[in-house]
Amino acid sequence: MSTTDNLNQNIKKNVLLSQYNWFNLGGPAELFFKPKDKKELVDILRYSKDKNLKINVIGAGSNTLIRDKGIKGLTIKLGKSFSQIKLLDNETIEVGASALDKKLAYYAQENLISGFEFLSCIPGSLGGAVIMNSGCYGEDISKVFLSLRAINFNGEEVEIKKENIKFFYRKTNLPNDLIITSVVLKGKQSTKNYIDTKQSQMIETKKRSQPSNVKTCGSTFKNPEGEKAWELIKRSHCENLSVGDAKISKKHSNFFINNGKATSKQIESLITKVRDKVLKKTGIDLELEIKIVGD
Ligand SMILES: Cc1cc2nc3c(=O)[nH]c(=O)nc-3n(C[C@H](O)[C@H](O)[C@H](O)COP(=O)(O)OP(=O)(O)OC[C@H]3O[C@@H](n4cnc5c(N)ncnc54)[C@H](O)[C@@H]3O)c2cc1C
C-alpha cells in the first residue's frame, strides 16, 4: 500500500474531542490522526502540507478548552509509542512527548533523581509541559530541561537545545509549527528519603488547595506580576458567578469547572465575565493560561 493510501485509511473523520480533554468539552476534529511512530508523523505532516491542512496538536488536553463546533483541519495526538522513558545516565532522562508528567516523576523517584517531584502534581504530558513551561511551587520545566526533538510542519526532524529556547512564565518562544516528539531532562542524584518527602509534601499541598475529581483545566488565568489570579477573582466578588453549568471552584477560584452539562461557550462566557469584573474592580487585565482552540 502506498504511503498516501495508508494515511487516507488511518485518518479518522469527525472524532469527538471531548474524550481527549479534561473539561470533557468541545466538538469534533474534522480530521484526526494518531501517528504510531516518527515515520508516520513525518508522512502525515508532509501530506498535510501538500493538502494545505491546518494542524492542531493536543497532548493530554489538561490545559485546553476546545470550542463546541470542534476544530477544522487535522488534529494530531501522539500515541503510546511516543511515551518511552529511558535513562541516559544517572541524572539524565529522555522521555517521549506523550508520556504523562506523573509517570516521569515516579520514574525519576525510582531512579533517585531529584528535580522532577513537581511533575507529580501536573496532569499533562511532557509535550504540553514544555510548551507551557509548566510548573508549581517555584519549579518548572525550564529548570530541568536540556533539549528536545521535534518534527516541524515541513516534516523535518529538528533538535533544539536549552540555549536556543527562552522560557517564560507558562510560555516559551518555540515556533508554533513543531510537534515535540521527545525531551531530554536533567535532575540531580539524591536520596530516597529526600525525594519521597518533597514529592509527598507537594502532593499534599495540592490536595489541600485545589479541587480533585472535577472537570477542569487547572488555573484559568496566569498570575499577574506580584499578584495571585485567584485572589483578584475573590476580591472582585466573582466566586459565585456561573453560566449554566460552567462554575468556579469553591476550593480555588482560578479553577473553572464543567459541573456536568456545561458547553465550551458557557465556560468562555464565564471567563469573559470574570475578566471584565476583575478589570473593572482592580484595573488588572487577566491573561489566559488555558489555551482555547477551535471554532
Ligand atoms: C487539575 C489540574 C491541575 C493543574 N496544575 C497545574 C500546575 O500546577 N502547574 C501548571 O503549570 N499547570 C497545571 N495544569 C495545567 C496543565 O496540566 C499543564 O499546562 C500541562 O503541562 C499541559 O499538558 P497537556 O499535555 O495536557 O497539554 P494540552 O492541554 O494538550 O496542550 C497544551 C499546549 O501544548 C501544545 N502541545 C501539547 N503537546 C504537544 C507536542 N507534543 N508538541 C507540540 N505542542 C504540544 C498544545 O498544542 C497546546 O498549545 C493543571 C491542570 C489541571 C487539570
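Given the structure is predicted, the values throughout are model-derived calculations rather than measurements. The residues of the chain are indexed from 1 along the displayed sequence. All ligand and atom numbering here is 1-based and tracks the order in the structure.
V57 O, 3.3 Å is the protein heavy atom nearest to atom 46 (C) of ligand 1. For atom 31 (O) of ligand 1, the nearest protein heavy atom (residue, atom name, distance) is T64 OG1, 3.4 Å.
Using a 4.0 Å cut-off to heavy atoms of M132, the atoms of ligand 1 that qualify are 19 (O). Close contacts between ligand 1 and G124 involve ligand atoms 17 (O), 20 (C), 23 (O), 24 (P), 25 (O), 26 (O) [criterion: under 4.0 Å to a heavy atom]. Atoms of ligand 1 lying under 4.0 Å from at least one heavy atom of G135, given by number and element, are 7 (C), 8 (O), 9 (N), 10 (C), 11 (O). The A129 neighbourhood of ligand 1 comprises atoms 21 (O), with distances under 4.0 Å to a heavy atom of that residue. Atoms of ligand 1 found under 4.0 Å from any heavy atom of C136, numbered from 1 in the order shown, are 8 (O).
Some N or O of G61 is nearer than 3.5 Å to an N or O of ligand 1, by distance alone. Here's the thing with N63: one of its N/O atoms is less than 3.5 angstrom from an N/O atom of ligand 1. Of the polar atoms of S134, at least one N or O is found under 3.5 Å from an N or O of ligand 1, judged by distance alone.
Of the possible donor and acceptor atoms, one in the side chain of T216 sits under 3.5 Å from a partner among the backbone N and O of G218. Here the side chain of K36 pairs no donor or acceptor atom with the backbone of S81 at under 3.5 angstrom. Looking at N24, its side chain does come within 3.5 Å of a backbone N or O of S18 through a donor-acceptor pair. No side-chain donor-acceptor contact under 3.5 Å links N111 to the backbone of I113.
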- Check against ring pair (Phe, Tyr, Trp, His ring centres under 6.0 Å), F23 and F256: CA-CA 9 Å; F23 273 126; F256 290 22; 8.5 Å; no

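When heavy-atom distances to ligand 1 are checked against a 4.0 Å cut-off, T181 has no atom that comes that close, whether in backbone or side chain.
Scanning I180, I122, N133, D101 for the heavy atom closest to atom 13 (C) of ligand 1 points to I122.
Atom CG of N164 is surrounded by more than 12 heavy atoms from other residues, nucleotides or ligands within 6.0 Å.
A salt bridge links E287 to K222: one of the charged nitrogens lies within less than 4.0 Å of a carboxylate oxygen.
At least one cation-pi condition fails for K143 and F145: the charged atom is not both under 6.0 angstrom from the six-membered ring centre and inside a 45 degree cone around its axis.
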